[in-house]
Amino acid sequence: MNSKEIKIFRRTLGLFICIQPILELMWLNNGTIGEIFGFSIPTLIRMVFVGILTLEWLYFGWNIKKLGGILIYGIILGIYFVIHNNHCIAFNTLKGDGLGYSSIGELFYIVRMMIPIGVIFFTVECHVDRKLFYRCAIIISMEIAILVLITNLLKISYGSYTNEVIKINFFDWFFTKKDIGYLMSASKGWFYSSIISTILVLTLAYLIFMFLKYEKNRYILAIWIQSVALYMFGTKAASISVIICLCLMIGCYIVLHTIKVENSWKWLAFLKIMVTFFAMIFVFIYSPCQRRLGFEENYLEERNEEEEKRKEENGDELGLEQISDEDITSIIEYFDKNKDYLSINLSMLEGQYNYKYDPVFWKKFVEDTVPAQRMQNRYLEERILQRIQDINDNSADKFWGIGFTRASSVYNLERDFLYQYYSMGSIGAFLLLGPYIIVLLWGMIKMIFPIKNCTLERCALTLGLGLTFFVAYYSGNVMESLGITIAIGFAEGYFVNTIIRKETDKNDTKDNSLYMGWWKRKTS
């Protein structure tokens with residue numbers, strides 16, 4: 001590519017990244033706006049952009065080696081899909097109903113999972129530099145954070161857990177009782193899902209880096225807005241990530257200057273970050289997340305007391321243990337009568353894999369667990385997927401999975417990576433998610449050996465990506481959301497660029513001098 005072609009390609013890619021939060025608005029994803037040819041509007045827009053980027057790459061800069069590598073990867077995926085699909089078609093379920101498996105849906109899922117990996121490739125190909133990356137990062141972050149902040153303050157935001165308009169805004173956090181109100185205070189703006197907050201987790205460390213490097217007040221303002229917005233979402237992963245990110249970035253700043261990797265210490269910037277850190281600890285005490293922790297503790301105590309009382313009334317037994325596994329009718333009758341008192345989410349107990357479909361599983365689940373475990377949806381979701389595997393009784397499930405469409409028709413396990421292991425098998429999980437981890441580990445090795453490569457910018461990228469994958473494992477549904485994984489792909493592609501680019505930062509002292517990419521020198 002020459003400089004003009006790279007400029008066109010970068011603008012297309014940058015626009016594609018910047019519209020991702022817009023495509024996550026609830027009205028585009030909840031059926032308010034209809035589908036076209038069976039595809040939602042966000043999916044169609046993403047497919048169009050990927051098509052344009054692919055055509056531009058083929059026209060501007062493809063070569064036989066890179067095209068050959070892509071084709072090999074595609075052939076491996078094709079072979080995997082054939083074996084995976086055949087395995088899932090022959091899969092045995094309890095009633096032989098397939099549990100919603102679809103070959104077409106399975107193929108579409110694999111194609112969809114390839115889009116962010118393509119973004120990594122395109123980002124590396126056009127040598128995205130710091131200025132473009134920062135602009136995209138700040139745009140997508142502020143699109144989310146400002147919308148969440150404004151709608152929260154005006155009390156027109158939808159709740160993260162209820163999808164109803166909130167009643168408690170940021171200012172009310174400090175004046176209402178801490179043990180009530182998290183359902184009425186946790187807010188997600190007008191976004192379809194609160195998991196969109198993961199983009200803010202991804203970019204927060206980089207904003208801290210930009211402030212420590214350039215000491216611009218607009219950057220510290222963006223950090224405050226983004227941190228408060230993360231608290232507003234109310235999820236544990238998002239809220240705790242604020243404290244972790246600030247703490248680790250402060251630690252990296254101190255260590256890198258101590259070992260002389262970074263040389264320009266800025267006392268005022270450091271002081272402002274420290275003030276931000278302690279301020280965010282204070283705000284956390286009153287945040288919806290803290291309210292939720294208090295509510296769950298009280299709720300769990302109440303459920304334990306109720307169960308102990310019921311055991312006393314039934315002679316130290318709940319009554320289910322006295323029913324044999326073969327007495328299916330009595331098991332179902334038991335759940336019909338007691339389902340409201342078992343501390344199990346009713347949407348799961350009565351859902352696709354309900355107690356009437358597999359009474360024996362639910363009986364053993366209640367027998368083997370206490371209320372604290374039954375309340376953990378992730379634990380139950382994993383038990384259900386493991387049960388589906390056990391019924392099929394085929395060791396090949398570990399390699400080829402039970403099928404994404406089958407697993408998702410039951411419940412999405414809110415543990416990314418583990419969910420893909422169950423649904424796509426270890427081989428599928430490696431092919432679909434392995435590139436993200438490989439890129440991150442490769443970059444970490446390159447920036448540590450030698451240690452002089454361990455710059456604050458690379459630490460920020462590593463921390464942002466690492467926290468994002470932690471949120472994916474802890475909360476789930478991250479790697480299933482294209483709006484998030486496309487942003488992850490862009491960040492990983494830029495991370496690669498910071499490792500392989502030839503220029504240094506020695507003359508890079510202001511925002512308007514950031515176009516120093518390798519491609520510019522190469523093509524000038």
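Excluded from the calculations below are hydrogen atoms, water molecules and symmetry mates; all remaining heavy atoms, backbone and side chain alike, are included.
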- Atom OH of Tyr379: over 12 foreign heavy atoms under 6.0 Å: yes
- Task: Check the side chains of Thr468 and Thr198 for a donor-acceptor pair under 3.5 angstrom, ignoring hydrogens and angles.
- Result: no
- Message: Under a 3.5 Å threshold, yes or no: a donor from one side chain and an acceptor from the other, between Thr405 and Ser408?
- Response: no
- Message: Both conditions, 6.0 Å and 45 degrees, for the charged tip of Arg415 above the ring of Tyr473: are they met here?
- Response: yes
- Given the side-chain rings of Phe39 and Phe108, with only the six-membered ring counted for Trp, is the space between their centroids under 6.0 Å? yes
- Are Asp358 and Tyr353 close enough that a side-chain donor and a side-chain acceptor fall under 3.5 Å? yes
- Message: If you apply the rule ring pair (Phe, Tyr, Trp, His ring centres under 6.0 Å), what do you find for Tyr286 with Tyr231, and how did you get there?
- Response: CA-CA 10 Å; Tyr286 297 90; Tyr231 284 151; over 10 Å; no
- Are a donor atom and an acceptor atom from the side chains of Thr93 and Asp97 found within less than 3.5 Å of each other? yes
- Query: Taking the inter-plane angle between the rings of Phe335 and Tyr355 on a 0 to 90° scale, is it parallel (under 30°), tilted (30 to 60°) or perpendicular (over 60°)?
  - Reply: parallel
- So, Glu24 and Arg46, do they make that salt bridge, N to O below 4.0 Å? yes
- Begin with the C-alpha distance, continue with both residues' side-chain angles, and end with the deciding distance and a verdict on ring pair (Phe, Tyr, Trp, His ring centres under 6.0 Å) for Tyr253 and Phe209. CA-CA 9 Å; Tyr253 190 70; Phe209 153 73; 10.0 Å; no
- Do you see a donor-acceptor pair shorter than 3.5 Å between the side chains of Gln420 and Glu480? yes
- Query: Would you call Arg378-Glu382 a salt bridge at under 4.0 Å N-O?
  - Reply: no
- Query: Does a side chain donor of either Gln226 or Thr203 reach within less than 3.5 Å of an acceptor in the other side chain?
  - Reply: yes
- Query: Do Ser187 and Asn152 meet the criterion of a side-chain donor-acceptor pair at a distance under 3.5 Å?
  - Reply: yes
- Is atom NZ of Lys364 surrounded by more than 12 heavy atoms (other residues, nucleotides or ligands) closer than 6.0 Å? no
